[in-house]
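The structure under discussion appears below in the form of structure tokens.
Worth knowing before you read on, the calculation uses all heavy atoms, side chains too, and leaves out hydrogens, waters and symmetry mates.
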Amino acid sequence: MVSAAARVTKAAAPWVLACGFLLCLAGFPGAEGAIGVNYGMVANNLPAPEQVISMYKARNISYVRLFHPDTSVLNALRGSGIGVVLGTLNEDLQRLASDPSYAASWVATNVQPFAGSVQFRYINAGNEVVPGDAAAHVLPAMQNLESALRSAGVGGVAVTTAVATAVLGASYPPSQGAFSEAAAPVMAPIVSYLSSRNAPLLVNVYPYFAYSSSGGEVALGYALLSAGSGAAASVADGGVVYTNMFDAIVDAAHAAVEKAGVQGLELVVSETGWPSGGGEGASVENAAAYNNNVVRHVGGGTPRRPGKAVETYLFAMFNENGKPEGVEQHFGLFQPDMSEVYHVDFSAGSSS
């Protein structure tokens, strides 16, 4: 997750325009979707990993995303049945890209010892480094990690990367989504590689930052996926109507991937959330509305991919006191003492 200030400048402008379109009343379908929660650890007062994983199980949270390897957390996940997305540290990308033996060591240390009892879904090489100085390391790091997994006899684990919507140079209307000039030379080969491996691209999606920086131009209901509760801006795009910003951002990313020459690539929303305090529009009420709406909504797909559930990871499990002051400290579903900031009904997203 990048800073709030960076997200404001990267995410806001295309979505402010949405409010010039028809105002309407609209709901969204409730359907089964695959829901996970990011387990961030930028704090000095969090519960023990065994307690945290017990919380995931007790609350019917299917998946967890870890931003970096942590042996104690991976041990706690043994036998839990929880699907795991395991990230590399961004600072490790250059070495993972240039040194296959380091990638082999990374897998031997962080994946292979746990593979029999931990359900790894994806390894993500880097988080939000495209575009940027480390972007060129992402694809070779992915390739080396994949080779290392294969050599270690670990199958069924896709290697990918997580990107912010900063990779989009155009995003409005969604059908015009395209990678930026800075991102396209890196993203095109990445999405081609992912397609050849039948692996998804991870995308971090934050309607909150577009809303909070819009000066009231983005309707709150449109950002919260709460259009059915009152008048909210909808976006008409070539015969398709978008009633919420979450779908519009995801489909803009789909369009960008297709313009890069790749059809049918799955997108996983690796982060999305709404802060409960610390900034404009950040309240317990809004955060509860957003996250519960997301859980209910993602099983129905998006207008560009109707009926195709969007695997989605809420950000984040806990309020983290090591984050910068302001909204960054208030994205948690839970306080560090394990009490709820607000309730999220994860059973609404899946009956499994």
Side-chain angles (χ1 to χ4, degrees), residues 36 38-42 49 53 63-164 167 183 185-204 262 265-266 268 270-271 311 313:
N38 287 267
Y39 179 4
M41 291 176 269
V42 186
I53 300 310
Y63 303 138
V64 60
R65 180 177 176 223
L66 306 176
F67 290 92
H68 56 81
D70 185 290
T71 299
S72 61
V73 175
L74 291 169
N75 277 321
L77 282 161
R78 290 184 186 273
S80 67
I82 296 171
V84 179
V85 181
L86 180 61
T88 71
L89 292 168
N90 288 346
E91 52 264 39
D92 288 342
L93 280 175
Q94 183 173 3
R95 193 170 176 194
L96 287 166
S98 62
D99 186 353
S101 67
Y102 181 69
S105 175
W106 194 95
V107 168
T109 301
N110 302 311
V111 180
Q112 193 173 11
F114 307 97
S117 56
V118 174
Q119 295 185 6
F120 291 104
R121 292 183 63 73
Y122 319 119
I123 306 298
N124 72 274
N127 183 53
E128 299 189 341
V129 298
V130 182
D133 294 340
H137 302 309
V138 172
L139 181 54
M142 289 166 54
Q143 293 168 326
N144 284 341
L145 285 166
E146 183 187 284
S147 295
L149 289 168
R150 187 169 56 249
S151 297
V154 178
V157 181
V159 181
T160 181
T161 191
V163 298
V167 298
V186 176
M187 290 305 301
I190 286 175
V191 296
S192 178
Y193 181 82
L194 291 172
S195 179
S196 73
R197 301 302 195 270
N198 197 31
L201 175 66
L202 310 187
V203 183
N204 298 339
V262 173
L265 186 71
E266 181 181 358
V268 169
S270 41
E271 293 178 32
E311 184 176 332
Y313 294 74

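- Going from atom CZ of Phe120 over to atom CD of Gln112 covers 11.0 Å, rounded to the nearest 0.5 Å.
- To the nearest 0.5 angstrom, Glu311 atom CD is 6.5 Å from Glu266 atom CD.
- The only option from Val262, Leu265, Val159 that meets the side-chain contact (heavy atoms from CB on, under 4.5 Å) definition with Leu194 turns out to be Leu265.
- Scanning both residues, Val167 and Val163, for their nearest heavy atoms gives CG1-CB, 3.8 Å.
- Side-chain contact check for Leu202 versus Thr161: every heavy-atom pair is 4.5 Å or farther apart.
- For the pair Val111/Trp106, a side-chain contact is recorded, criterion being any heavy-atom separation below 4.5 Å from C-beta on.
- Side-chain contact between Leu74 and Leu66: present, with at least one pair of heavy atoms (C-beta onward) separated by less than 4.5 Å.
- Within the 4.5 Å cutoff, side-chain heavy atoms of Ile123 are placed close to those of Leu149.
- Taking every heavy atom of both residues into account, Pro100 and Ser98 meet most closely at CD-O, 3.6 Å.
- When side chains are defined from C-beta on, Phe67 does not count as touching Asn124, because their heavy atoms never get closer than 4.5 Å.
- Taking Ser196 as the reference, nothing meets the side-chain hydrogen bond (donor to acceptor under 3.5 Å, both in side chains) condition, with sequence neighbours excluded.
- Using a 4.5 Å heavy-atom threshold, the side chains of Val85 and Tyr63 count as separate.
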Can you list the steps and then say if Asp92 with His68 is a side chain to side chain contact (heavy atoms under 4.5 Å, CB included)? CA-CA 10 Å; Asp92 288 342; His68 56 81; over 6 Å; no
Before you tell me yes or no, could you show the steps for Val64 and Tyr313 under side chain to side chain contact (heavy atoms under 4.5 Å, CB included), namely the whole-Å CA-CA distance, both residues' side-chain angles and the distance that decides it to 0.1 Å? CA-CA 8 Å; Val64 60; Tyr313 294 74; over 6 Å; no
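- Pairing each heavy atom of Ala104 with each of Ala148, the nearest pair is CA-CB, 3.7 Å.
- In this structure, the side chain of Asn127 does not engage the main chain of Asn90 through any donor-acceptor pair within 3.5 Å.
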Using atom types as modelled, flag every donor-acceptor pair under 3.5 Å from a side chain in residues 136-144 to any protein atom, sequence neighbours excluded.
unit_1 : atom_1 : unit_2 : atom_2 : d
Asn144 : ND2    : Leu96  : O      : 2.8
Asn144 : ND2    : Ala97  : O      : 3.0

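- Contact annotation: the side chain of Val268 never approaches that of Arg121 to less than 4.5 Å [non-hydrogen atoms, C-beta and beyond].
- Counting heavy atoms from C-beta outward, Thr88 and Leu145 have side chains that approach closer than 4.5 Å.
- Once rounded to the nearest 0.5 Å, the distance linking CZ of Arg197 with OG of Ser192 reads 9.5 Å.
- Asn204 and Ser270 share a donor-acceptor pair across their side chains, judged by distance under 3.5 Å alone.
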